[in-house]
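We count ligands from 1, going down the list as the structure has it; atoms in each ligand are counted the same way. All values reported here derive from a predicted model rather than from experimental measurement.
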Amino acid sequence: MTKPPMLTAQQALDHLLSHAQAVGEIEKVAMQAALGRVLAENVNSLVDVPPLDNTAMDGYAVRSADIATPGKSLKIAQRIPAGSMGTPLESGTAARIFTGAPVPPGADAVVMQEDCTLESESGQVTINTAPIAGQWIRRRGEDLTAGKTALTAGTFLRPQELGVAASAGLTHLSVKRRVKVAAFFTGDELALPGESLKPGGIYNSNRDTLLACLKSLGCDATDLGIVPDRLDATRDALRKASKDHDLIITSGGVSVGEEDHIKPAVTAEGRLDLWQIAIKPGKPLAFGAVRKSDDPKDGEAWFIGLPGNPVSSFVTFLLFVRPFILKLQGREAKLPQFYFIRADFDWLKADRRNEFLRVKLNSNGGLDLFPNQSSGVLTSASWGDGLVDCPPNQPIKAGDLVKYIPFDALLK
Ligand code: AMP
Ligand code: MG
């Protein structure tokens, strides 16, 4: 059997992303249901935010020209709490004003109450500073302008985006429909937690890791369960998975041994590229598409086959499946945020492959390494806060700055 081509992580990612296209369908959902979704259309503000010039402080609205020097006393001519409108401010008077209240016409500055002395008997206030025109005034429309774009299509909606849309006066948002992903897990050795393990059996951990990854990314995930290491069973599962899904992901069976049926099964039901990626953990990754029916008009579902080892499938999901899904969702599939952080460990046996080491931030602002970096040891990922992206053939010495990618940045 010919060996699959060896690609760098970047080549594999470029190849994947050159195929992915954003789903077209849009749905309108109430604001809270839009959390974690992708905005499908620009949001234009219905109003100016703030709607009027208003005060950023509790204090007194004044005409700055009335107070050339500190110590000037002014008559308190009106009181303007938030939510009510004042009247034009006469020269030589001040308006008692509270945060968020509109600055009355004629006033051009607010003096915070800490800089004023109230003389309650006379109904006067002494202004102990010389105000600068404009001070403590929040301008109408300085946040958003009516009719202008407040949020752009493709934005991933976090709590703060929902707040911006609400401030713009919207009740509902147009979002992309969720990306639908089917997942199944190959391996005769696999059992579900709760079942008893037969000799040689292990629990299926990839199911929970990968379904939760899909959930974190806001996908609609369908679990098609454990599929035995047989060609017919794998083909059946693929046919089932291709219906009503944009993407199929699987774990295991992507090597080219005789127990690995992903390659022949996907080739029979669609088309497949099998790659060796020069990364560790990881290595084999399958990418292709599965026909939705015999009628070509029905199209295809994308297929990504991950390796079976629990750390490999987790890491390859984060590095390759995540950006592919981001692009299907209509989001920008940019590289994850990374930081240069000091390694507080040695990693002298550099590999020919690009390694992704499981590390944890320590209380000295450096990184510690999980001692067992085997691709079967999933506790390394749960102990860790993220990955160090270690270039090929590059040993790490304690004190070196290394490229650190937090898991948090990869799970949203
Ligand atoms: P494979 O890629 O199918 O050759 O599997 C590689 C290794 O990963 C083997 O030790 C499998 O037992 C293990 N493995 C495969 N699938 C899973 C799974 N869903 N959960 C946990 N371990 C798995
Ligand atoms: Mg297997």
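A salt bridge (charged side-chain N to carboxylate O under 4.0 Å, His left out) check over residues 156-175, counting only residues at least two apart or in different chains, returns the pairs Arg158-Glu161. Among residues at least two apart or in separate chains, side chain to side chain donor-acceptor pair (under 3.5 Å) pairs with a member in residues 274-285 are Lys280-Asp351. Every pair passing side chain to side chain donor-acceptor pair (under 3.5 Å) that includes a residue from residues 247-256 is listed here, sequence neighbours excluded: Asn206-Ser251.
The closest donor-acceptor contact from the side chain of Arg37 to the backbone of Lys176 lies under 3.5 Å.
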When you pair each N or O of ligand 1 with protein N or O atoms, which pairs come out under 3.5 Å?
{"residue": "ligand 1", "atom": "2 (O)", "partner": "Gly308", "partner atom": "N", "Å": "3.0"}
{"residue": "ligand 1", "atom": "3 (O)", "partner": "Gly253", "partner atom": "N", "Å": "2.9"}
{"residue": "ligand 1", "atom": "8 (O)", "partner": "Gly308", "partner atom": "O", "Å": "3.3"}
{"residue": "ligand 1", "atom": "8 (O)", "partner": "Asn309", "partner atom": "N", "Å": "3.1"}
{"residue": "ligand 1", "atom": "12 (O)", "partner": "Glu189", "partner atom": "OE2", "Å": "2.5"}
{"residue": "ligand 1", "atom": "14 (N)", "partner": "Gly308", "partner atom": "O", "Å": "3.3"}
{"residue": "ligand 1", "atom": "19 (N)", "partner": "Asn204", "partner atom": "OD1", "Å": "2.8"}
{"residue": "ligand 1", "atom": "19 (N)", "partner": "Asn206", "partner atom": "ND2", "Å": "3.3"}
{"residue": "ligand 1", "atom": "20 (N)", "partner": "Ser205", "partner atom": "N", "Å": "3.1"}
{"residue": "ligand 1", "atom": "20 (N)", "partner": "Asn206", "partner atom": "N", "Å": "3.4"}

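Between Phe356 and Val311 the shortest side-chain heavy-atom distance does not fall below 4.5 Å.
A salt bridge does not link Glu27 with Arg177: none of the charged nitrogens is closer than 4.0 Å to a carboxylate oxygen.
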